[in-house]
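One structure below.
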Amino acid sequence: MKRWFRVVTISIFAIAAVSLVVIQLVQTRRTLSNSDNMFSVSVGNAMEDVLNQLDNDSPNAASSFSYQDLDSLIVEELIINGIDLHPVVGVYDGSQGSFLYSSDPRREDDLANSPYRYSFRPQGVVSTNQFFIILSFSYTDLFLQRNPTIYLYMSLFLILVIAVMFFISLRTISNQRKLDQMKSEFINNMTHEIKTPISTISLACEMLSDETISQDAASRANFIGIVADENQRMRVLVETILQSAKMSNKNFSINPKEVDVNAIVDKVLKSFKLTFSNRNGCVETHLDADPSVIVADELHMTNLIYNLVDNGIKYSTGAPHIIVSTSTDGKHFFLSVKDHGIGMSKSDQKHIFEKFYRVSTGDVHNVKGFGIGLNYVAQVVHLHHGHITVESEPNHGSTFTVSLPLKG
Ligand code: ADP
């Protein structure tokens, strides 16, 4: 999908979704406000009836007038007008600025601010003052009285659904983009990684075909060594990609048998001999594990050790200094690969075992890779029921430690 097309599609979708949400909100507000208006009209009608009744009462009734009667009269009329609520009722002397009566004195502040106020003259009271009957409904009552219809609930629900779907779509699109980016990075890196050994091998072959060089035993051995190392490099590379892809398959299984890990370490380190000498590096070994035999898949163990040592070299600036150690505690076998390279931050350490994760390098180093080596290593460790940990500090190097259950 072209970038401009994606931007246009997302923009149209965003505008449409936002407009829909706004329209729904406006509609919802209108519905609620209509229901508020209807409520006010009904209260007004009820109060009109109440005031009429108070006016029509015979003058003799004046003496028997009580505010409790007023309370029940209001409730009765509210019910007749479809409002089954018990508001707080107050009788307010507008000129004195005080309440003659309130059914709940604690709510006089609410009464003073209530919009439901109706001018009236108490019977038997001879005064030019202005009096009001004021009703105050609680917020909960008012909300319930709005009587939100199923239509309203549906609207609110649909607004929520649209908003959620919109964000899910945006996230899917952004994930898709990331995946595309990763794919093209992966292909670029793979091409680079495979091209380098191919050109080194072809150069070495050219040298070997030169008679003066091929007759010198030391030079010949050197170039044959280069071919063998680069070949091994490509083998592990292809192996890692293939095995990593295979491991995604649920039916993937390993082929465990008794293997001597110290011997595998020796074999792997031999294949790096030339790389170390080319970079003036050195490798130290402390293969103290005794026994060093565990039940494991030899191919995967070889690739695991190769990947860890290869990373140690790759992520060392200058001459690499790698220390490979093995040990046991009677129950577990420990293998650790320590380097003195560029190291990594705590936040990167949390992600390096994820597939395709590569620390963003900036100017610090420019090492090509796929970001699948450590993911593969972690999966191999997992399949062998072990653990892998990393200790690292930027510019001070890293130590990867694998612990595996010992045989038996
Ligand atoms: P890559 O092919 O990029 O090396 P890996 O899965 O082997 O992929 O490693 C993932 C990332 O972890 C690397 O890109 C690198 O940034 C970081 N990393 C791995 N090993 C080391 C190490 N020994 N020192 C510093 N950083 C490392």
Side-chain angles (χ1 to χ4, degrees), residues 193 228-276 283-315 320 322-339 352-355 369-391 398-408:
E193 291 270 304
D229 279 1
E230 291 301 309
N231 187 47
Q232 165 75 351
R233 181 174 192 78
M234 273 207 292
R235 191 194 68 74
V236 174
L237 214 85
V238 171
E239 199 71 55
T240 305
I241 298 170
L242 279 180
Q243 296 301 338
S244 169
K246 271 192 196 167
M247 276 178 177
S248 314
N249 187 338
K250 279 205 175 83
N251 300 324
F252 180 82
S253 64
I254 53 172
N255 183 18
K257 59 177 193 212
E258 287 196 347
V259 289
D260 185 339
V261 182
N262 284 355
I264 298 179
V265 171
D266 276 336
K267 193 176 79 184
V268 169
L269 290 181
K270 238 184 231 160
S271 70
F272 279 106
K273 218 168 138 197
L274 206 75
T275 316
F276 277 112
V283 61
E284 226 177 281
T285 52
H286 302 282
L287 306 183
D288 302 329
D290 186 14
S292 60
V293 174
I294 62 169
V295 176
D297 185 306
E298 188 170 1
L299 175 77
H300 291 303
M301 284 312 291
T302 308
N303 292 341
L304 176 151
I305 298 167
Y306 192 99
N307 268 297
L308 292 180
V309 175
D310 190 40
N311 276 353
I313 299 171
K314 270 196 327 191
Y315 298 108
I322 310 292
I323 304 169
V324 184
S325 324
T326 63
S327 60
T328 61
D329 68 355
K331 280 187 181 164
H332 303 93
F333 184 96
F334 300 104
L335 166 85
S336 78
V337 178
K338 178 180 170 72
D339 65 62
I352 52 171
F353 297 106
E354 291 167 14
K355 207 169 191 171
F370 306 122
I372 56 172
L374 284 183
N375 176 263
Y376 166 73
V377 166
Q379 293 200 63
V380 171
V381 172
H382 176 72
L383 285 169
H384 287 83
H385 311 290
H387 294 285
I388 181 162
T389 54
V390 59
E391 278 170 60
S398 315
T399 306
F400 286 86
T401 305
V402 173
S403 95
L404 299 168
L406 266 181
K407 182 181 76 138

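What you see is a predicted model; the values in this text were computed from it and never measured.
Rounded to the nearest 0.5 angstrom, Glu298 CD and Asn303 CG are separated by 10.5 Å. Considering CZ of Arg233 and CG of Leu274, their distance stands at 12.0 Å, rounded to 0.5 Å. Separation of atoms CG (Asp266) and OG (Ser271) is listed at 11.0 Å; rounding is to 0.5 Å. Summarising the geometry, atom OG1 belonging to Thr326 is positioned 4.5 Å from atom CG belonging to Leu287; distances are rounded to the nearest 0.5 Å. Once rounded to the nearest 0.5 Å, the distance linking OG of Ser292 with CG of Asp260 reads 3.5 Å. With rounding to the nearest 0.5 angstrom, the OG atom of Ser403 is 13.0 Å from the NE2 atom of His384.
Just one of Asp329, Val293, Thr328, Val295 meets the side chain to side chain contact (heavy atoms under 4.5 Å, CB included) condition when paired with Leu406; it is Thr328. Shown are Leu304, Leu335, Val402; of these, the side chain to side chain contact (heavy atoms under 4.5 Å, CB included) with Ile388 is made only by Val402.
Under the 4.5 Å side-chain criterion, counting only non-hydrogen atoms from C-beta, Ile305 is in contact with Val261. Contact of the Val390 side chain with the Thr399 side chain is not registered, since no non-hydrogen atoms from C-beta on lie closer than 4.5 Å. Taking 4.5 Å as the limit, every side-chain heavy atom of Asp310 sits out of range of all side-chain heavy atoms of Val236. Taking 4.5 Å as the limit, every side-chain heavy atom of Phe400 sits out of range of all side-chain heavy atoms of Asn311. Between Thr401 and Val337 the shortest side-chain heavy-atom distance does not fall below 4.5 Å.
Taking Gln243 as the reference, Glu239 meet the side-chain hydrogen bond (donor to acceptor under 3.5 Å, both in side chains) condition, with sequence neighbours excluded. Applying the side-chain hydrogen bond (donor to acceptor under 3.5 Å, both in side chains) criterion to His387, with sequence neighbours excluded, gives no partner residue. Applying the ring-ring contact (aromatic ring centres under 6.0 Å, His included) rule to Tyr376 yields the partners His300; only residues at least two apart in sequence or on another chain are considered. For Asp339, the salt bridge (Lys or Arg N to Asp or Glu O under 4.0 Å) criterion is met by no residue, not counting sequence neighbours. With sequence neighbours left out, the ring-ring contact (aromatic ring centres under 6.0 Å, His included) criterion links Tyr306 to Phe272. With sequence neighbours excluded, no residue forms a ring-ring contact (aromatic ring centres under 6.0 Å, His included) with Phe353.
When every heavy atom of Leu299 is checked against every heavy atom of Asp297, the shortest pair comes out as N-OD1, 3.1 Å. Heavy atoms only, all atoms of each residue included: Asn307 and Gly373 are closest at OD1-CA, 3.8 Å. Residues Pro405 and His385 share a closest heavy-atom pair of CD-O, 3.5 Å.
In the displayed structure, Glu354 atom CD is contacted under 6.0 Å by more than 12 heavy atoms of other residues, nucleotides or ligands.
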Discussion item. For Met247 and Val380: C-alpha separation, side-chain torsions, deciding distance, then whether side chain to side chain contact (heavy atoms under 4.5 Å, CB included) applies.
Written reply: CA-CA 9 Å; Met247 276 178 177; Val380 171; 3.6 Å; yes
